[in-house]
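Here's the structure we're looking at; comments come further down.
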Amino acid sequence: MNDHTTEDISRHVKVYITVFVALMALTLITVVVSYLHLSMAAAVLIALAIASVKGSLVACFFMHLISEKKLIYCVLILAAIFFAALLFFPVYDTQHASLPAVGNA
Amino acid sequence: MSNQLIRYIDQPHPVTGLTNGKLGIWLFLASEVMLFGALFSSYILLRVGSSTWPDGSEELNVPLATLNTVVLITSSVTMVMAWAACKMNDFRKFRLYLGATVALAFVFLVVKSFEYAPKLTHYEVFLKDGTSLRGHVHEEHEDYVVFTPDATADQHPQNRRIERDDIRRLTNFGPAHSNFFGLYFTLTGLHALHIVGGIIVNLYLLFPGAAMWKTEMERFTGRIECAGLYWHFVDLVWIFLFPTLYLL
């Protein structure tokens with residue numbers, strides 16, 4: 001995103017407005033779906049799917065990841081791998097450990 | 001002069017194709033992914049391992065959180081528009097958009113304070129007979145408390161005297177209430193601190209830092225891009241926090 005003409009930027013501005021409208025619509029859908037009282041699995045799946053689409057829109061267009069340099073993709077892929085490990089290893093561990101469930105309080 | 005001290009701050013490095021500032025902010029954001037990742041991991045671990053978990057939409061204020069989502073997404077747009085204004089050499093529009101971003105960030109914090117405040121004055125009393133009551137502490141004495149339970153659809157709230165000997169635990173809906181509220185305050189509190197950080201940086205770029213516009217416009221635009229990347233990341237974190245905490 002270093003070399004841009006005024007025309008390029010004007011085109012980008014139109015994209016930003018479109019992305020903004022899409023993000024607002026997806027926020028509305030997220031809230032509406034939460035009032036449908038779906039099963040927990042379906043609710044989690046839909047809410048996280050919508051959040052992922054919204055996150056991707058922000059990252060791709062506002063953060064310009066769609067046209068970024070290879071080095072940044074490498075940094076982010078590495079971060080994503082560690083993030084996934086951080087997320088799934090503890091859950092895998094609890095699923096396979098024979099510890100009693102604890103209360104919320 | 002400064003270009004001779006620190007190289008590639010306004011022009012891309014020939015090897016990376018990026019300015020050092022931009023590479024730096026992306027590395028910082030990668031470390032931020034790990035910070036929030038550790039907390040999200042804790043959330044999942046505690047939730048999966050818990051026998052009971054409250055419904056976020058019943059415990060928290062969804063309309064206020066939705067409003068904050070709209071505010072933060074709008075601020076992300078104004079931030080990217082500020083960068084676009086820099087690229088188009090329009091300083092007046094740049095100031096307008098960055099000023100709007102800062103204003104929206106303050107709106108986010110004000111809405112957040114409206115969300116936090118009732119939680120800290122709303123109490124739950126756990127009695128030794130295994131029951132619990134939600135409401136407000138009317139009076140506190142050495143031997144007893146006067147508690148006003150929340151109104152229900154068919155019952156008007158009436159003050160109730162509860163002996164201290166009958167109370168197992170009396171707590172507000174703060175971080176110490178339960179794992180859910182501990183995670184809620186930790187995650188949203190850390191996120192709010194990031195908003196404060198963004199406000200400080202953006203205010204600097206809006207006022208004293210804007211002097212660079214006249215002397216080194218390219219470098220200044222690079223700074224706005226880096227500040228923007230940070231701000232969009234803060235927005236991105238909220239996009240995941242909102243359904244995770246409030247709706248599921």
Side-chain angles (χ1 to χ4, degrees), chain A residues 1-2 4 6 8-10 12-13 16-17 19-20 23-24 26-28 30-31 33-35 40 43-44 46-48 50-52 54-55 58-59 61-64 68-72 75-76 78-80 82-91 93-95 99-105, chain B residues 11-12 15-19 22-23 26-27 29-31 33-34 37-38 40-42 44-46 48-54 57 62 66 69-70 73-74 76-77 79-81 84 87-89 126 169 177-180 222 225 228-229 231-233 235-236 239-240 242-244 246-248:
Chain A
M1 291 298 292
N2 289 314
H4 289 292
T6 307
D8 285 339
I9 300 297
S10 298
H12 279 300
V13 168
Y16 299 149
I17 303 294
V19 170
F20 172 63
L23 288 171
M24 287 298 170
L26 288 167
T27 302
L28 188 71
T30 309
V31 177
V33 167
S34 76
Y35 285 105
M40 183 48 78
V44 170
I46 293 172
L48 292 185
I50 296 174
S52 301
K54 285 168 75 181
V58 170
F61 298 102
F62 291 172
M63 298 172 92
H64 307 131
E68 223 15 292
K69 296 283 182 293
K70 204 190 282 180
L71 181 64
I72 287 178
V75 169
L76 290 180
L78 201 63
F82 280 106
F83 178 72
L86 206 59
L87 231 55
F88 293 113
F89 283 155
V91 176
D93 192 47
T94 41
Q95 296 294 310
L99 295 170
V102 291
N104 178 44
Chain B
Q11 295 300 321
V15 176
T16 62
L18 300 159
T19 60
K22 195 167 169 183
L23 179 59
W26 274 111
L27 288 171
L29 293 183
S31 75
V33 168
M34 301 316 292
F40 270 105
S41 175
S42 307
I44 294 170
L45 192 63
L46 285 167
V48 168
S50 175
S51 54
T52 57
W53 196 263
S57 62
V62 176
T66 308
T69 306
V70 171
I73 288 172
T74 311
S76 237
V77 178
M79 186 77 217
V80 80
M81 294 295 251
K87 282 282 186 186
M88 291 199 275
N89 298 334
F126 297 92
R169 192 164 160 244
H177 179 274
S178 55
N179 284 340
F180 175 79
E225 187 178 12
L229 286 171
W231 193 251
H232 303 313
F233 175 79
D235 181 25
L236 214 150
I239 282 172
F240 283 94
F242 173 54
T244 307
Y246 292 84
L247 304 177
L248 296 176

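Here is the naming used below: chain letters follow the sequence lines, and residue numbers restart at 1 for every chain. Computation of the quantities below employed the complete heavy-atom set of this structure, encompassing side-chain atoms and omitting hydrogens, waters and symmetry-equivalent molecules.
Taking B/F40, B/W26, B/W231 one by one and counting their heavy-atom pairs under 4.5 Å with chain A, the maximum is reached by B/W26. Ranked by heavy-atom pairs shorter than 4.5 Å toward chain A, the options B/S76, B/G228, B/G222, B/S57 are led by B/S76. The candidate from A/L78, A/L26, A/T27 with the greatest count of non-hydrogen atom pairs under 4.5 Å with chain B is A/T27. Ranking B/P243, B/S31, B/S41, B/A30 against chain A, the residue ahead of the rest is B/S41, based on heavy-atom pairs under 4.5 Å. Contact count versus chain B (heavy atoms, under 4.5 Å) is highest, among A/S34, A/A84, A/A59, A/A43, for A/S34.
Only the side chain of A/I17 comes within less than 4.5 Å of a heavy atom in chain B; its backbone stays farther off. In this structure, the portion of A/L71 lying under 4.5 Å from any heavy atom of chain B is its side chain and not its backbone. For A/Y35, the part lying under 4.5 angstrom from a heavy atom of chain B is the side chain only. Only the side chain of B/V62 comes within less than 4.5 Å of a heavy atom of chain A; its backbone N, CA, C and O stay farther away. Using a 4.5 Å cut-off between heavy atoms, A/A80 makes no contact with chain B at all. Contacts between A/L76 and chain B at a heavy-atom distance below 4.5 Å involve the side chain alone, from C-beta outward.
Contact detail for B/L248 and A/A47: the closest heavy-atom pair is CD2-CB, 4.0 Å. When every heavy atom of B/A84 is checked against every heavy atom of A/V13, the shortest pair comes out as CB-CG2, 3.9 Å. Shortest non-hydrogen contact noted between B/L236 and A/G55 is CD1-O, 3.8 Å. Taking all atoms of both residues into account, the shortest heavy-atom contact from B/M34 to A/F82 is CE-CB, 3.3 Å. In terms of heavy atoms, B/M88 sits closest to A/T6 at SD-CG2, 3.8 Å.
Residues B/T244 and A/L48 form a side-chain contact, since some pair of their non-hydrogen atoms from C-beta on lies under 4.5 Å apart. With contacts defined as side-chain heavy-atom distances shorter than 4.5 Å, the pair B/F242/A/V31 qualifies. Looking at heavy atoms from C-beta onward, A/E68 lies in side-chain contact with B/L18 at the 4.5 angstrom threshold. Side-chain contact between B/K87 and A/D8 is absent, with no heavy atoms from C-beta onward closer than 4.5 Å.
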Note to self: side chain to side chain contact (heavy atoms under 4.5 Å, CB included) for A/H64 and B/V80? Distances and angles first, verdict last.
What the structure shows: CA-CA 10 Å; A/H64 307 131; B/V80 80; 4.1 Å; yes
Check: Can you check side chain to side chain contact (heavy atoms under 4.5 Å, CB included) on B/V77 and A/M24, steps first, answer last?
Finding: CA-CA 11 Å; B/V77 178; A/M24 287 298 170; over 6 Å; no
Note to self: side chain to side chain contact (heavy atoms under 4.5 Å, CB included) for B/T16 and A/K69? Distances and angles first, verdict last.
What the structure shows: CA-CA 8 Å; B/T16 62; A/K69 296 283 182 293; over 6 Å; no
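Between the OG1 atom of B/T66 and the CG atom of A/L28 there is a distance of 9.0 Å, given to the nearest 0.5 Å. A/M63 contributes atom CE, which lies 5.0 Å from atom CG of B/L29 (distance to the nearest 0.5 angstrom).
In this structure, B/S42 has no side-chain hydrogen bond (donor to acceptor under 3.5 Å, both in side chains) partners at least two apart in sequence or on a different chain.
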